[in-house]
Amino acid sequence: MTGVCRLSGGFGLVHVQDDGGQPPRVVSADVLLTAKGTLLQALQDGVARHSLGRTPCVDVMALGDYNLLQIEPPAVPDNELRDASRWQIRELINYPIDEALIDVFRVPSEGMRGRASIAYVVSAHSGQVKEQVNQLRAARLTINAIDIPELAIRNLATLLPEESRGVVFVYLGNTRGLITICRGGNLYLARNISIGVDQLKSRPDFADDDSEGFSSHNNDLLDSIVLEIQRSLDFYESNFSLPPISSLVVASIEAELPAVISYLQNYLGLGVRAFVPTEVLDCGHLEADNVARCLLAIGAALRDRQVSP
């Protein structure tokens, strides 16, 4: 399966071979930037270079190009859920509901503490999706699905040994990030944060391995991440009668984050570690930086391991 993700000024393009065993093999991972020409030309060149024309592809939308809204799903059969949910979100998006493409997936109700059931509605403007579809087709890719980062991260989380007991997965992109809680192949919670690697890297002490050496500004950024993680755990524990989560994994788009991991460990009381792709993926001799920048594309390419929402 081919996976495509949006990067600043380009694309991440991967090809993953997965027969359902462990670990999936990442055959190629390429960062396609527009030194010359257009974004489309960069994608076309990458597809041709790796001989991926006509291969099935899952594309990941960029953070900020869609809405992910938590709702109490209406009491309708699953085949009517999408249409019924449209009217619940019509006042929550900034474009006409008739111009929205939506999908819905339920949060497992097993273990809920007598609360109302939960579902997530994904909404994107039809024009945005059409633009992405046209790019993929022009690059000679066969479109299997348009996915979102939250579900790409869910797919990666399922490779982790601790995921069966529940894991918090923190992903930091360039300018924003995601906090997800996954368990047993299901996404229980997703939260967007407006902090990414660029904000952290802008500080002169970013590379310091000692979390106590972080500046007060960095502490403010990390305190915000800690607060959002704690809110996510509080929601999970108050809504689901499931064992508490004790593991947290951190992945980032390009940089190593030893001080961030140490800080989260100190202030959350969880087992915190970095996501190491080579522990769960066969990456061969691929460049580690390319694999890190293409993580969302890799997660998208693993979509077939899941029952699609």
Side-chain angles (χ1 to χ4, degrees), residues 1 3 14 16-27 29 58 60 105 107-108 110-111 147 149-173 177-191 225-226 228-230 232-233 235-237 239-253 255-258 260-286 288 291-309:
M1 181 72 73
V14 305
V16 178
Q17 292 180 348
D18 178 28
D19 60 5
Q22 294 284 352
R25 179 172 176 246
V26 185
V27 179
V58 179
V60 186
F105 60 94
V107 174
E110 178 186 0
D147 220 330
E150 288 85 347
L151 295 178
I153 291 297
R154 184 275 313 270
N155 297 345
L156 291 171
T158 61
L159 302 175
L160 300 170
E162 56 265 57
E163 194 270 348
S164 62
R165 301 181 300 275
V167 63
V168 180
F169 197 119
V170 177
Y171 174 78
L172 296 174
L178 290 172
I179 298 168
T180 63
I181 294 181
C182 304
R183 180 180 183 270
N186 294 300
L187 179 66
Y188 280 82
L189 179 141
R191 189 183 297 268
I225 296 174
V226 168
E228 294 300 327
I229 293 171
Q230 191 58 63
S232 301
L233 288 168
F235 176 87
Y236 178 83
E237 292 172 6
N239 282 274
F240 300 98
S241 298
L242 296 170
I245 290 177
S246 59
S247 301
L248 187 151
V249 174
V250 180
S252 67
I253 195 166
E256 294 184 1
L257 303 172
V260 172
I261 290 170
S262 176
Y263 196 93
L264 297 181
Q265 176 84 59
N266 289 340
Y267 287 90
L268 285 168
L270 300 175
V272 182
R273 67 181 183 91
F275 178 78
V276 181
T278 53
E279 291 181 355
V280 293
L281 297 163
D282 177 2
C283 297
H285 299 292
L286 298 176
V291 172
R293 298 190 73 184
C294 292
L295 274 185
L296 293 181
I298 294 171
L302 295 172
R303 177 184 170 96
D304 283 352
R305 296 175 69 93
Q306 301 293 323
V307 177
S308 298

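Computed from a predicted model, the values in this text were never measured in an experiment.
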Of all heavy-atom pairs between [X] and [Y], which one has the smallest distance, and what is that distance?
X      : Y      : answer
Ala300 : Ala152 : N-CB, 3.8 Å
Pro243 : Arg183 : CD-NH2, 4.1 Å
Val58  : Arg303 : CG2-CD, 4.0 Å
Ile179 : Ile225 : CD1-O, 4.3 Å

Just verifying a value: how many Å separate [X] [atom1] and [Y] [atom2], rounded to the nearest 0.5 Å?
X      : Y      : atom1 : atom2 : answer
Ser246 : Leu233 : OG    : CG    : 10.5 Å
Arg154 : Asn186 : CZ    : CG    : 7.5 Å
Leu296 : Leu156 : CG    : CG    : 7.5 Å
Asp304 : Asn155 : CG    : CG    : 9.5 Å
Leu270 : Ile229 : CG    : CD1   : 8.0 Å
Glu150 : Thr180 : CD    : OG1   : 8.5 Å

State, with a plain yes or no, whether a side-chain heavy atom of [X] is found less than 4.5 Å away from one of [Y].
X      : Y      : value
Pro161 : Glu163 : no
Tyr171 : Ile253 : yes
Pro24  : Leu302 : yes
Tyr236 : Leu242 : yes
Glu237 : Pro244 : yes
Val107 : Leu187 : no
Cys182 : Thr158 : no

Can Arg25 and Asp18 be counted as an ion pair, charged N to O under 4.0 angstrom? no
Please evaluate residues Asn239 and Tyr188 with respect to the criterion side-chain contact (heavy atoms from CB on, under 4.5 Å), reporting the C-alpha separation (whole Å), side-chain torsions for both, the decisive distance (0.1 Å), and the verdict. CA-CA 10 Å; Asn239 282 274; Tyr188 280 82; over 6 Å; no
Set of side-chain contact (heavy atoms from CB on, under 4.5 Å) partners for [X], sequence neighbours left out:
X      : answer
Thr278 : Val276, Cys283
Val280 : Leu159, Leu160, Phe275
Ala292 : none
Val226 : Tyr263, Leu264, Tyr267, Leu268

Show the numbers, then the answer: is there a side-chain contact (heavy atoms from CB on, under 4.5 Å) between Phe169 and Leu248? CA-CA 6 Å; Phe169 197 119; Leu248 187 151; over 6 Å; no
Apply side-chain contact (heavy atoms from CB on, under 4.5 Å) to the pair Val170 and Val249, showing each step before the final yes or no. CA-CA 6 Å; Val170 177; Val249 174; over 6 Å; no
Side chain to side chain donor-acceptor pair (under 3.5 Å) against Ser247, all qualifying residues, sequence neighbours excluded: none
Selection residues 272-286 - residue pairs positive for salt bridge (charged side-chain N to carboxylate O under 4.0 Å, His left out), sequence neighbours left out: Glu162-Arg273, Arg273-Glu279
Would you find a donor on one side and an acceptor on the other, under 3.5 Å apart, between the side chain of Ser232 and the backbone of Glu228? yes
Would Leu151 and Phe105 satisfy side-chain contact (heavy atoms from CB on, under 4.5 Å), going step by step from the backbone distance to the final call? CA-CA 10 Å; Leu151 295 178; Phe105 60 94; 4.1 Å; yes
